[in-house]
2 protein chains.
Amino acid sequence: MTTINEIAKLAGVSRSTVSRVLNHDKNVSDRTRTKVQAVIDEQGYQPNPVARSLTSGRTRVLGLVIPMVVSSLFRDPFFSLLAQGISTVCTLNNYTLMLWLMEPNYEKRTSDNILNNRLIDGIIVASSKIGDPLIEGLITRKVPLVQIGRNDCPDVSSVDADNIHGSVMAVRHLVSIGKNQLATITGQMELYSGRDRLTGFKHGLQENNLPICDERIAFGNFTEESGYTQTKLLLSKTAFDGLYIASDMMAFGAIRAIYEAGLRIPEDIAIVSFDDIPPAERHQPPLTTIRQPIRRMGSIAAQTLIDQLETDDTATPRRIILQTELKIRETTIRSEFSNHYSQMPVRSTP
Amino acid sequence: MTTINEIAKLAGVSRSTVSRVLNHDKNVSDRTRTKVQAVIDEQGYQPNPVARSLTSGRTRVLGLVIPMVVSSLFRDPFFSLLAQGISTVCTLNNYTLMLWLMEPNYEKRTSDNILNNRLIDGIIVASSKIGDPLIEGLITRKVPLVQIGRNDCPDVSSVDADNIHGSVMAVRHLVSIGKNQLATITGQMELYSGRDRLTGFKHGLQENNLPICDERIAFGNFTEESGYTQTKLLLSKTAFDGLYIASDMMAFGAIRAIYEAGLRIPEDIAIVSFDDIPPAERHQPPLTTIRQPIRRMGSIAAQTLIDQLETDDTATPRRIILQTELKIRETTIRSEFSNHYSQMPVRSTP
DNA sequence: TTTCCTTTTGAAACCGGTTTTAATGCTTCA
DNA sequence: TGAAGCATTAAAACCGGTTTCAAAAGGAAA
């Protein structure tokens with residue numbers, strides 16, 4: 001691999017000069033610059049980023065941590081979309097992305113790896129648990145950090161969707177279509193997104209003078225599976241005509257459970273969920289859901305982090321909250337042309 | 001951040017000695033070793049990996065490239081599972097993972113970034129297109145490489161599922177349940193996995209003395225969407241009682257199309273797909289599919305690459321082909337207790 | 001032509017490690 | 001007691017860049 005010394009020799013200058021040309025330093029005469037640049041181009045020379053990093057202290061590498069609290073979480077398109085948003089911004093800014101998937105089995109180990117890794121300029125942590133030691137560690141070590149999802153610590157930058165307001169909108173919508181016995185299935189209570197969506201649900205009930213009944217609150221963990229089982233649980237112990245469920249994935253499970261119970265959607269139970277991942281629209285029936293701009297959250301987080309790094313201002317935290325949007329589809333309002341399953345053959349006798 | 005010099009000073013030795021202790025060099029007296037180690041532990045000193053890399057030429061970073069030929073591809077759990085497998089092996093071996101998602105819009109740009117990036121010791125490329133210039137570039141630059149998915153070049157290591165044999169099994173199964181008018185929807189022909197599954201399908205037909213009819217071959221691209229549209233296309237132009245479709249995601253689309261056409265599964269059309277991603281089993285109806293061990297492909301690829309790097313033997317390519325398995329579910333054989341949709345309410349009149 | 005100032009360039013120091021080479025100290029043995 | 005041999009350690013060179021500092025070159029003014 002060619003080094004700066006060889007380029008210097010070929011161009012007949014010192015390596016300081018080559019370095020200046022590489023870094024667009026103005027203290028180089030035009031004649032020298034063109035001469036050196038010609039050699040660089042001819043040799044297809046690229047400076048060694050490791051050597052560069054050693055002096056500059058910068059690597060142009062960002063870290064992305066995705067805790068797989070439940071390993072199946074990553075199957076959820078949420079993280080794919082997030083990664084896409086982040087990756088694109090990195091590419092456009094000539095950064096590269098280092099990925100850590102935190103499997104529960106190796107949580108401690110991965111966490112240590114991340115903390116001891118000095119290759120990254122900054123890090124994005126997606127939906128970490130409340131009080132996650134990794135976050136504490138990153139803060140102590142002053143690693144520039146942007147969290148996806150809100151956090152308590154006001155010193156940390158974060159990008160989040162307005163979970164509370166989104167949830168209020170969900171309740172309003174259910175009320176507006178005449179539902180008044182509302183139940184909810186929450187996400188994980190270890191995540192702010194899980195808590196906030198429950199808080200918003202309660203706000204919504206209060207706002208509409210509806211009672212908050214504990215037996216109409218079931219606790220899920222964002223997985224399809226938990227959506228299914230918690231819906232069954234709710235159905236078994238209480239009556240309700242509207243369900244606010246904290247993620248689309250869980251809604252898929254809920255719909256299964258509701259159909260298996262022989263109930264109609266939305267006539268018997270209307271459902272509003274949260275996320276609006278791509279399959280939400282394709283699903284039968286298509287989900288009414290609170291859309292959060294997942295991919296955009298990723299790109300904004302990356303852009304924020306890069307801005308902080310490039311302006312050398314990692315001290316002042318930036319906290320960004322993105323608005324959500326109610327997407328009305330057929331789990332709350334049956335469209336005129338809707339035909340959930342109506343063309344699907346019902347099984348003849350076994 | 002503490003450096004080796006400070007440790008040396010504190011321990012009252014030269015930095016060479018500290019370096020020896022760090023690298024478990026035997027030429028250090030026990031007395032000195034304990035003394036130095038004590039200081040290291042006390043200070044919580046970790047050597048700077050960038051500086052280390054500069055001399056060692058190793059970074060302990062692996063690259064992972066996921067071309068998003070269709071941007072929606074990454075929504076497919078295939079890549080999530082693959083990434084999981086790779087990530088776990090990296091963590092266990094103290095490697096870190098650098099991720100590139102190749103968006104079609106920035107393909108050239110990303111490709112250049114990857115090629116000019118000298119931070120990685122080796123790279124794993126997942127389902128690259130046939131003749132992908134990135135691969136050529138990596139080979140020319142002698143970057144240690146493992147491909148997920150087969151390739152023509154015998155010099156490159158690869159990990160692949162046995163697409164051809166798996167497809168033959170699919171046909172055998174369809175024939176075994178009495179189907180003899182078989183159609184197929186292929187994956188992308190730019191991918192070996194797409195081609196091989198078609199090849200296997202044809203082998204299967206020949207083996208069973210069934211004709212190969214061009215109008216029963218439709219060309220998809222692995223997306224749910226293409227599964228839907230290509231199934232409609234097939235239904236419109238030919239009759240068939242068995243469908244071999246090259247991915248689970250496409251099968252989801254195909255099922256939609258078949259139900260919309262008012263046909264029964266598996267009575268009118270039986271379906272075998274490929275992959276066995278997690279939703280395949282949960283789907284209604286659950287998919288009969290050829291299982292490929294996706295996560296394991298990822299971990300084997302990573303382990304192979306790491307082995308090659310650590311044994312300094314990146315010259316001899318290793319080509320690994322993993323066996324597939326037929327998972328029989330309800331898109332080919334209705335179970336006794338099956339109840340596809342039978343409990344789901346059919347829409348009353350609008 | 002000389003002087004002074006501004007550009008431009010090269011030499012040297014540095015980033016934080018590893019590795020080679022040379023020096024030191026300690027044993028061992030004649 | 002002195003020389004040889006070995007284990008241990010320090011000094012120095014190196015990895016491939018950037019940056020500081022000083023020197024050289026060039027140009028303008030006197």
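Chain identifiers are assigned alphabetically (A, B, ...) following the order of the sequence lines, protein sequences preceding nucleic acid strands; residue numbering begins at 1 within each chain. None of the values given here were measured: they were computed from a predicted structure.
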Could you check whether [X] gets within reach of a base, just the sugar-phosphate, or nothing at all, counting any heavy atom under 4.0 Å?
| X | result |
| --- | --- |
| B:Asn27 | base |
| A:Ser29 | sugar-phosphate |
| A:Val13 | sugar-phosphate |
| B:Val50 | nothing |

What is the separation between atom [atom1] on [X] and atom [atom2] on [N], rounded to the nearest whole Å?
| X | N | atom1 | atom2 | result |
| --- | --- | --- | --- | --- |
| A:His24 | C:dT8 | NE2 | C1' | 18 Å |
| A:Asn5 | C:dG10 | CG | P | 13 Å |
| B:Met1 | C:dG16 | CE | P | 10 Å |
| B:Gln46 | C:dG16 | CD | C1' | 14 Å |
| A:Asp30 | C:dT7 | CG | P | 14 Å |
| A:Leu119 | C:dG17 | CG | P | 13 Å |
| B:Leu54 | C:dG17 | CG | P | 12 Å |
| B:Ile7 | C:dT18 | CD1 | P | 12 Å |

- Give the C-alpha distance, both sets of side-chain angles, the deciding distance and a yes or no for salt bridge (Lys or Arg N to Asp or Glu O under 4.0 Å) between A:Glu310 and A:Arg60. CA-CA 10 Å; A:Glu310 313 242 301; A:Arg60 298 192 81 84; 3.5 Å; yes
- Would you give the length of the straight line joining atom OG of A:Ser128 to atom CD of A:Glu190, rounded to the nearest 0.5 angstrom? 12.0 Å
- Item | Point-to-point distance, once rounded to the nearest 0.5 Å, from CG of A:Leu97 to CG of B:Asn113 | 12.0 Å
- Tell me, with the steps shown, if A:Arg319 and A:Asn151 meet side-chain contact (heavy atoms from CB on, under 4.5 Å). CA-CA 10 Å; A:Arg319 318 197 65 177; A:Asn151 61 325; 3.0 Å; yes
- Query: Quick one: which of A:Ile120, A:Asn117, A:Ile114 gives a side chain to side chain contact (heavy atoms under 4.5 Å, CB included) with B:Thr96?
  - Reply: A:Asn117
- Task: Please say which of A:Val156, A:Val65, A:Ile123 ends up in a side chain to side chain contact (heavy atoms under 4.5 Å, CB included) with A:Leu138.
- Result: A:Ile123
- Kindly check if the number of other-residue, nucleotide or ligand heavy atoms within 6.0 Å of CG (B:Asp30) is above 12? no
- Query: Looking at side-chain heavy atoms only, is the closest gap between B:Val159 and B:Leu322 below 4.5 Å?
  - Reply: yes
- Query: Is B:Cys90 close to B:Leu62 at the side-chain level, that is, under 4.5 Å between some pair of heavy atoms?
  - Reply: yes
- Message: Tell me the bend of the helix from C:dT1-D:dA30 to C:dA30-D:dT1 as the angle between end helix axes, each from five pairs, rounded to the nearest 10 degrees.
- Response: 70°
- Item | B:Thr17 or B:Ala51, whichever maps to the more 5' nucleotide of DNA chain D | B:Thr17
- Item | From C:dT18, D:dA10, D:dT18, nucleotide with atom closest to A:Ile4 side chain | D:dT18
- Message: Taking the minimum atom-to-atom distance to the side chain of B:Thr32, which one of D:dT19, D:dT8, C:dG16 wins?
- Response: D:dT8
- Task: Report yes if at least one side-chain N or O of B:Asn23 is closer than 4.0 Å to OP1 or OP2 of C:dT18; otherwise report no.
- Result: yes
- May I ask you to verify if any side-chain N or O of B:Tyr45 is less than 4.0 angstrom from the OP1 or OP2 atom of C:dG16? no
Below 3.5 Å is the cut-off: list the nitrogen or oxygen pairs between protein and nucleotides 11-14 of chain C, distance only.
residue : atom : partner : partner atom : Å
C:dA11  : N7   : A:Ser16 : OG           : 3.4
C:dA11  : N6   : A:Ser16 : OG           : 3.0
C:dA13  : N6   : A:Arg15 : NH2          : 3.3

- Check step by step if side-chain contact (heavy atoms from CB on, under 4.5 Å) holds for A:Leu309 and A:Tyr95. CA-CA 11 Å; A:Leu309 292 170; A:Tyr95 274 74; 4.2 Å; yes
